[in-house]
There are 2 protein chains.
Amino acid sequence: MDDRMLQPSGSAGSMVYQRLKQQIVSLELPPGTSLSEKETSLAFEVSRTPVRESFVRLAQEGLVLVLPQRGTRVSLIDSEQVEEARFMREQLEKAVVRLACGAFPEERLAALEHNLEQQREAIQRQDSKNMFELDEEFHRILFDGCRKSGTWNVIQQMNAHFNRTRILWLWTDPHWELLYEQHRQMFLAIKQQQADQAERIMMEHMRLSIANLPVLKERYPEYFK
Amino acid sequence: MDDRMLQPSGSAGSMVYQRLKQQIVSLELPPGTSLSEKETSLAFEVSRTPVRESFVRLAQEGLVLVLPQRGTRVSLIDSEQVEEARFMREQLEKAVVRLACGAFPEERLAALEHNLEQQREAIQRQDSKNMFELDEEFHRILFDGCRKSGTWNVIQQMNAHFNRTRILWLWTDPHWELLYEQHRQMFLAIKQQQADQAERIMMEHMRLSIANLPVLKERYPEYFK
DNA sequence: GGTTCCATACTACCATACAAGTATGGGAGT
DNA sequence: ACTCCCATACTTGTATGGTAGTATGGAACC
């Protein structure tokens, strides 16, 4: 667990890719930041080849924009793509949580409960970073329990823009308690197999994250397209 | 210079990527085919670098499997991923066709109608390849008309396995007339804004494509995981 | 002052050489 | 005949030099 922080996984290319992705999604590398193969290769102490490989992968996910012979930049947040990602997640999460109400492995249900406890602790510690990770983890467990983990991975690819706005909003207005409460209610609904109830909460949960996008565009105009 | 590049989308890397992807999805390169950077670079008359770049992108989409220091091969079709892709498409296409029944640009509606005409002609010509393309195009127009083209692109990434089974099934049982009829009925439902009707047809349309996956696994066992 | 042109310093793209891991086939030893 | 070992020919991973396209700043000119 600690080792992956130092040397994430396998090849140098994968390492650079994972580190850059984490830095971009966490806004440590703000939208619009210009990168370059050479500069990045120096920073990570590898050659340009694995850096270039990571750029290709990041570009495919829309996290960076490569302009041939001109440069590479962290992509700006595109409001339309944010809305699309939210739409996509709403549809799929609704369907998944409904599946979960029909059948959900006992072990995964326990994992959800454990995750909820961790969320409560993270909120008490005011640990936003951990809280965000646990939020992601909660939904991942949902998909995994329904044997739809591949779907979750695909969602992740489009979530680049969506997640960054979520982080921005949580900077301006930490509303972890509400998110926690929604997670808890979803857990109960699944446990009691109340599909309609679960789907309704999930819908609110998803729409919550998008409500005031205009506010964010005004507060952080340089981050948006 | 290089007239053989019929679709020279910019860089050599992109060219190789597009060509390989097309060959893989169309089963021209069957699942399990082993590739190699060197061999491919010779075939496309480029160096290993752009080939490697294309491999990275294809691997990210799950179209090829790269085993470090061992080789690269076209990925086998994974039944679970096929089912997941179908699930994903069903949820998203249902939601989109419902949106379309609420509001759909006149111009896009005309595009659908034109597409239907082309489908009929392709069926008469027994042009399976064109028919498949028109099928894809039909659904793409749907997403595009609802301003969800980004969603369609993400779907495409997971569709690698799903599409290959669809092609396999169409090899064994060409049922273009039924697909055309479903497309036509969806078009009518959208035009008359009958959301429930449209959603129902779309659901049947999606489930049709998956019905007899066991038959395919028996007929083409070497293509499946 | 304002415009044009060009040297320069970038950039990503590509080709190539080398490094390191892996499968394989043949020969030595038993 | 069978096992083990190792040379060898693969594979992908990495480093690096060169190429072509692009932005930029300053000089020359109007």
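Just so we're on the same page: letters track the sequence lines, and every chain starts at 1.
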Subject >> Partner residues of Ala95(A) under the side chain to side chain contact (heavy atoms under 4.5 Å, CB included) criterion, sequence neighbours left out >> reply: Phe87(B), Gln91(B)
What donor-acceptor contacts under 3.5 angstrom involve side-chain atoms of residues 218-225 of chain B, with partners at least two apart or in another chain?
none

Subject >> Residue pairs involving residues 62-71 of chain B (criterion salt bridge (charged side-chain N to carboxylate O under 4.0 Å, His left out); sequence neighbours excluded) >> reply: none
Subject >> side chain to side chain contact (heavy atoms under 4.5 Å, CB included) partners of Val25(A), counting only residues at least two apart >> reply: Lys21(A), Leu63(A), Asn163(A)
Subject >> Contact residues, residues 33-50 of chain A to DNA chain D [heavy atom, < 4.0 Å] >> reply: Val46(A), Ser47(A), Arg48(A), Thr49(A), Pro50(A)
Original post:
Which ones in residues 53-65 of chain B lie close to DNA chain C, meaning a heavy atom under 4.0 Å from one of its atoms?
Top reply: none
**OP:** Please determine if a side-chain N or O atom of Ser11(B) lies less than 4.0 Å away from the OP1 or OP2 oxygen of dA12(C).
**Re:** no
Original post:
Just the endpoints, please: which first and last nucleotides of DNA chain D, 5' to 3', lie under 4.0 Å from a heavy atom of chain B?
Top reply: dT11(D) to dT14(D)
Original post:
Could you give the CD-to-C1' distance, from Gln69(B) to dG21(C), as a whole number of Å?
Top reply: 5 Å
**OP:** Name all residues meeting the side-chain hydrogen bond (donor to acceptor under 3.5 Å, both in side chains) criterion together with Arg52(A); count only those two or more places apart in sequence or in a different chain, and write none if there are none.
**Re:** Glu37(A), Glu53(B)
**OP:** Under the side chain to side chain contact (heavy atoms under 4.5 Å, CB included) rule, collect the residues that match up with Arg98(B), sequence neighbours excluded.
**Re:** Ala195(B), Asp196(B), Glu199(B)
Original post:
Are Glu61(B) and Arg57(B) ion-paired here, with the side-chain N under 4.0 Å from a carboxylate O?
Top reply: no
Subject >> Pair listing, ring-ring contact (aromatic ring centres under 6.0 Å, His included) test, anchored in residues 130-155 of chain B, at least two apart >> reply: Phe138(B)-His183(B), His139(B)-His183(B), His139(B)-His205(B), Phe143(B)-Trp152(B)
Subject >> With Arg73(A) via side chain to side chain contact (heavy atoms under 4.5 Å, CB included) - residues at least two apart >> reply: Ser34(A), Leu67(A)
Original post:
Does Arg140(B) have any side-chain hydrogen bond (donor to acceptor under 3.5 Å, both in side chains) partners at least two apart in sequence or in another chain, and if so, which?
Top reply: Glu137(B)
Subject >> Spacing between Tyr17(B) atom OH and dC14(C) atom C1', to the nearest angstrom >> reply: 20 Å
